[in-house]
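Quick note on labels: first sequence line is chain A, next is B, and so on, each numbered from 1.
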Amino acid sequence: MPHVMLPGGSREEIQVGSTLAQLAKHSLGKQAKAAVAAWMDGELRDLSCPIEGDCTIRFVTIAEPEGLDLFRHSSAHLMAEAVISLFPNAKPTIGPVVEEGFYYDFDHPPFTEEDLERIEKRMRQIVSEGRPMRRIELSRAEALEQFKDNPYKLEMIREMPEGETITAYIQGEGFTDLCRGPHVPDLACIRAFKLLKVAGAYWRGDSSKQMLQRIYGISFKNPKELKAYLAALEEAKQRDHRKLGRELDLFSFHEEGQGFPFWHDKGTIIYDELSAYIRQECRRRGYIECRTPMILSRDLWHRSGHWDHYADAMYFVDIDEKPYAIKPMNCPGGLLVYKTRLHSYRDLPIRQSELGLVHRNELSGVLHGLFRVRAFTQDDAHVFCTRQQLTDEVVKLIEFCIDVYRTFGFPDPEIKLSTKPEDHIGSDDVWELATQALHEGLQRLELDYKVDEGEGAFYGPKIDFDILDSLRRRWQCGTIQVDFSMPERFDLTYEASDGRPHRPVMLHRAILGSLERFIGILIEHTGGKLPLWISPEQARLIPISERHHSYASQVRAELETGGIRAAVDMRDETLGKRIRAAQLEKANYILVVGDKEVESHSVNVRTRDNKVHGAYPVPDLLAQLQEEIRTRKLSV
RNA sequence: GCCGAUGUAGCUCAGCUGGUAGAGCAGCUCAUUCGUAAUGAGCAGGUCAACGGUUCGAGUCCGUUCAUCGGCUCCA
C-alpha cells in the first residue's frame, strides 16, 4: 500500500488507486470541502486523480494564489458552457485566468449587455445543477476528431508537441473542453461570480488575425468577497482621475488635440509643485539640469538609433525644407550637451537631469486620460560615470526612487531586474558588469526583487519599479537603465588619469516616469485629497456673514504672504452650503470666520476628514501649515 | 489602428413605437446675513457631436465622419 506524506510530517497508508478526494475526506475531515486541488510531488493535480504509489501531497484551497487561479480557470469553463448552451454557434477558443479574474474568447458576433445577463443566469443554473469535472486523456487523433468543428482548438492541438498527453474536461455529461487543467472537482463550488464586460480581442493578440469576442468575469468563493470586489470597482470609478480632473477643475481634453492634456490653473499648480519637488531633490543629490529642444534634425534620430525602433511613434515636421522630428525621448539632446566640452574623469559622475516634454504618436484607441497621452513630461536624467562608479550610482538612484515614492505615501515598490535579451548589442563582459552592478545595488540596500531573465532592453539591463496605490493597483513608474548603445553611437568620452579618452558608462533613469501620468495616479491614490504641499487650494476661508468679508480677506492676505494658497468664498450662500462646496472641492483647510474670530484674530479650523478643530490664532495656524508643507506631510 | 458601446444645457441624466426639447445641480438676479456637508423665489441657458439621406415632418430611422468610453501580452 502506498505511503502518503502530508504537511506537518504526518503519514498515511492508503489503498492503491484511491483518489486525492478520498484522501482529503479521510485526512482533512470537515475541511476537505475547502480543497480544490492538490500538489502531488510538486505537481498540481485534480482531486479525482488516483494515488498509485508513494508520494507527497499538499491540498490546495483558493486562499492561495494557485488555488484561486484554478478556481477562476474553472469559472471560465463554467462560462463557456453557459455561452455554448445559449449560443450553439459560438466557438470557444481560449479561456485563461488573468490578474483580476478570468476571460474566455469566442468566435461569435458581438455579445450585448443583455446577452451577458442571460449568460450569467445560465451559469447560476449550471452551478445549482452541479457539474462534476471529469478529466479525460485523448490521443492526438481522438482530440482532432473531438474538436473537428473548432478550427481554433484544432490549431492548438496541432501545435502541441508530439508525445504530449492531450487532455480534456467533461463538465457533467455534456460540455467538453480541451484543457490542461486541473480544475475544481465540481463547478457547483463556484458560488459567487459576475461577468464584467465584453470586448473585442484578436485571436492570439495578433491584429492581423480573427477578431474574437472576449467576456471578462470574476469569481470568488463567497458572495461577500464578490460584493467587496464590486464595491472596490465602484470606489475606483469614483476616484477616476478623469472625473476628478473635471470636478476639481484640474485639466481637460479637447477634440482639437486628441491625447494632449490642457492644464487648468489648479492642475498647473500641481504640475509646478511636482516639478519643483523633483528639481529640489535632484539638486540636493548633485544633479545638473538641462533643457533641450523639442524639435531636432531627423539625422540626429538616425544617429541615435531611435529611427529604427521608434519611427512609427514619432511626429515629423519640415523646417526650411529640411526634415526634422519632434523628440520622443530626451537622451539625444542630453548627449549633445555632454559633448559640448571635454570631460575629465574628475568630473564624473555627471548627473544631468531634464524635465523634458516628449511627444509620441500613440494609437488613438489606447489613449486614456492622463495615463496614456501623446505628449508628456519625463523626469528624465542621464548619469555618465566610470565603470568603477557604476554600482555606487545605481545605489543612489534606487534610494532616490524609493525616497520619492515614500514622499507620496506609496509603500515600498515592487522591483524587477531585467537581464540580457537574446537580441542585444554590446559584449558579454560589459553586460555582465552592468547586470552585476544592478544586482549589487539592490543587494546593498537589502531590497527584495524579482529577476526577469531576457527582458532587458537591447541596449542594456534595467531595473523597474512598480508602486502600489491605495486600491492595491500596480503602476510601473521608475526605471533605471544601463545603455551601451548611446555612448558608442555618439562617441562619448572622458579623459582618464592615463591622459587618454575612455568611454563613460551611461544610465538613463526616470522616477515618476511621466509627470502627467504620475499626477493621474496620485489623484486616484488620494481620491483627489492631495497632501498640503501639492494641493492647489490649501485653505478656504468662509466668512459667516457679509460683515466678516474684510477680515476674511485680510487673513487670506496674511496666509498668502506666508506662502499658503488660500481663497475666500464670499458668495451669498448659507454657511452650510459653502462648507459643503469647500469639502467637495477638497480644500485642505476650511477656515470659518465670524465675530469671535475677528475679535481674537483667529480662524475656526475644519479639515477634509470632517473634523472641526476649533479656533486657532492665525499666526499659529500659519506656522503649522508651513511646517506641514516643509516636511511634505501626508495630510488627511 | 481594430472590435463594441456611447454622444441631448457647464455637470449628471430623462425624452415610449418619428409630430418640433425637459429635470436636478452649477450660473445669474432678488430676498435672506446665516456658527460647520445642500435657504427660498425668479431668470437665463440647447444648430439634440458633425455632415448626408429617408420622410409632409428626424433628438428619435439609415449612412458617413469625428470624439469619448470598455477592450485588443496573459497562450488548451
Side-chain angles (χ1 to χ4, degrees), chain A residues 69 73 76-77 80 92-105 109-113 115 138 143 147 150 152-160 164-169 176-181 183 196-216 237 240 242-243 246-247 249 252-259 312 361-369 542-549 570-585 590-597 604-608 610-615:
Chain A
D69 274 10
H73 185 193
H77 282 251
T93 66
I94 60 165
V97 172
V98 285
E99 221 171 287
E100 292 232 328
F102 58 88
Y103 69 75
Y104 211 118
D105 285 347
F111 297 105
T112 64
E113 292 293 320
D115 291 340
L138 301 167
F147 295 101
N150 187 323
Y152 304 95
K153 300 286 181 189
L154 291 179
E155 187 179 323
M156 289 187 278
I157 293 165
R158 291 204 179 96
E159 280 175 12
M160 287 177 201
E164 188 172 297
T165 316
I166 298 174
T167 58
Y169 281 77
T176 304
D177 198 4
L178 184 71
C179 186
R180 181 165 37 203
H183 279 288
L196 298 168
K197 53 201 169 196
V198 264
Y202 302 104
W203 171 235
R204 312 218 136 161
D206 181 341
S207 58
S208 69
K209 298 209 162 108
Q210 175 72 33
M211 170 75 68
L212 306 170
Q213 293 307 313
R214 173 169 300 180
I215 304 178
Y216 283 92
K237 214 165 138 193
D240 190 315
R242 292 166 298 184
K243 175 174 138 78
R246 185 172 52 236
E247 288 173 2
D249 197 13
S252 56
F253 286 92
H254 302 270
E255 283 192 24
E256 290 82 351
Q258 208 192 346
D312 284 351
N361 187 13
E362 303 284 353
L363 292 179
S364 64
V366 305
L367 300 176
H368 181 101
I542 302 185
I544 285 181
S545 76
E546 222 170 303
R547 66 177 180 280
H548 310 114
H549 281 188
M570 297 204 234
R571 287 178 307 161
D572 178 18
E573 293 289 356
T574 56
L575 182 65
K577 184 162 182 171
R578 285 176 295 154
I579 284 173
R580 179 180 146 82
Q583 288 275 25
L584 292 175
E585 286 160 40
I590 299 169
L591 309 174
V592 176
V593 294
D595 291 337
K596 282 183 261 175
E597 288 74 21
N604 207 296
V605 177
R606 182 188 174 108
T607 44
R608 294 182 302 200
N610 274 333
K611 286 208 180 88
V612 179
H613 301 263

Look at the side-chain N and O atoms of Arg571(A) and state whether any lies under 4.0 Å from the OP1 or OP2 oxygen of G27(B). yes

Lys/Arg-Asp/Glu bridge criterion (N-O < 4.0 Å) met for Glu159(A), Arg204(A): yes

Parallel under 30°, tilted from 30 to 60°, perpendicular over 60°: which one fits the rings of His77(A) and Tyr104(A)? perpendicular

Is Asn604(A) side chain donor-acceptor paired with the U36(B) base, going by distance under 3.5 Å alone? yes

Electrostatic pair Asp240(A)-Lys243(A), nearest N-O below 4.0 angstrom: no

Within the 4.0 Å heavy-atom criterion, would you say Tyr216(A) contacts the bases, only the backbone, or no part of the nucleic acid? sugar-phosphate

Could you tell me if His548(A) and Asp595(A) have a donor-acceptor pair between their side chains, going purely by distance under 3.5 Å? yes

With a 4.0 Å cutoff (strictly under), does any side-chain N or O of Lys243(A) reach OP1 or OP2 of U68(B)? no

Looking for any heavy atom pair under 4.0 Å, which part of the strands does Arg204(A) touch: base, sugar-phosphate only, or nothing? base

Counting only side-chain N and O atoms of His548(A), is one of them less than 4.0 Å from OP1 or OP2 of G35(B)? no

Please classify the nucleic acid contact of Glu255(A) as base, sugar-phosphate, or nothing, using heavy-atom distances under 4.0 Å. sugar-phosphate

Just to confirm, is there a sub-4.0 Å distance from OP1 or OP2 of G71(B) to any side-chain nitrogen or oxygen of Lys197(A)? yes

Gap in Å between the two C1' atoms, one belonging to A58(B) and one to A49(B), rounded: 16 Å

With C1' as the reference atom in both, quote the distance from A5(B) to A41(B) in angstrom, rounded to an integer. 42 Å

Distance between C1' atoms of C13(B) and C56(B) (Å, rounded): 33 Å

Any strand is fair game: report the nucleotide pairing with U20(B) by Watson-Crick or G-U wobble, both distances under 3.5 Å, or none. none

Check whether any side-chain N or O of Thr574(A) sits under 4.0 Å from OP1 or OP2 of U39(B), and answer yes or no. yes

Test item: Lys153(A) side-chain N/O and Thr93(A) main-chain N/O as donor-acceptor pair under 3.5 Å: yes

State, with a plain yes or no, whether a side-chain heavy atom of Leu212(A) is found less than 4.5 Å away from one of Tyr202(A). no

Do Glu597(A) side-chain and G35(B) base share a donor-acceptor contact under 3.5 Å? yes

Side-chain donor/acceptor of Tyr202(A) to base of C2(B), under 3.5 Å: yes

Sugar-phosphate, base or nothing in reach of Gly576(A), heavy atoms under 4.0 Å: sugar-phosphate

Pro92(A) backbone acceptor or donor facing Asn150(A) side chain under 3.5 Å: yes

Regarding Phe253(A), tell me which of base, sugar-phosphate or nothing describes its non-hydrogen contacts under 4.0 Å with the strands shown. nothing

Using atom P in both nucleotides, what's the gap between U17(B) and A26(B) to the nearest angstrom? 33 Å

If you look at every strand shown and take non-hydrogen atoms under 4.0 Å, does Gln213(A) touch a base, only sugar-phosphate, or nothing? sugar-phosphate

Which part of the nucleic acid does Thr112(A) contact within heavy-atom distance under 4.0 Å: base, sugar-phosphate only, or nothing? nothing

Between C34(B) and Ser545(A), is there an OP1 or OP2 to side-chain N/O distance shorter than 4.0 Å? no

When you check the phosphate oxygens OP1 and OP2 of U68(B), does a side-chain N or O of Gln258(A) lie under 4.0 Å from one of them? yes

Quote, to the nearest angstrom, the C1' distance that separates G59(B) from A9(B). 14 Å

Measuring only the C1' atom in each nucleotide, how far is C16(B) from C30(B)? A whole number of Å is fine. 40 Å

Remember a base hit wins even if backbone is also touched, and classify Ile579(A) as base, sugar-phosphate or nothing at under 4.0 Å, heavy atoms. base

How is Met156(A) classified with respect to the nucleic acid when contacts are heavy atoms under 4.0 Å: base, sugar-phosphate, or nothing? sugar-phosphate

OP1, OP2 of G70(B) versus side-chain N and O of Arg242(A): anything below 4.0 Å? yes

With a 4.0 Å limit, can you tell me whether Arg246(A) has a side-chain N or O closer than that to the phosphate oxygens OP1/OP2 of U12(B)? yes

Touch check for His254(A), heavy atoms < 4.0 angstrom, all strands: base, sugar-phosphate only, or nothing? nothing

Touch check for Glu164(A), heavy atoms < 4.0 angstrom, all strands: base, sugar-phosphate only, or nothing? base

Give Ile544(A) one of three labels, base, sugar-phosphate or nothing, depending on what nucleic acid heavy atoms sit under 4.0 Å from its own. base

When you compare A44(B) with G27(B), how far apart are their C1' atoms, in angstrom units rounded to a whole number? 9 Å

Determine the contact category for Arg547(A): base if any of its heavy atoms lies under 4.0 Å from a base atom, sugar-phosphate if only primed atoms, P, OP1 or OP2 are that close, otherwise nothing. sugar-phosphate

Applying a 4.0 Å non-hydrogen cut-off, can you work out what Asp177(A) is touching in the nucleic acid: base, sugar-phosphate, or nothing? nothing

With rounding to whole Å, what would you report as the distance between G15(B) and A23(B) at their C1' atoms? 11 Å

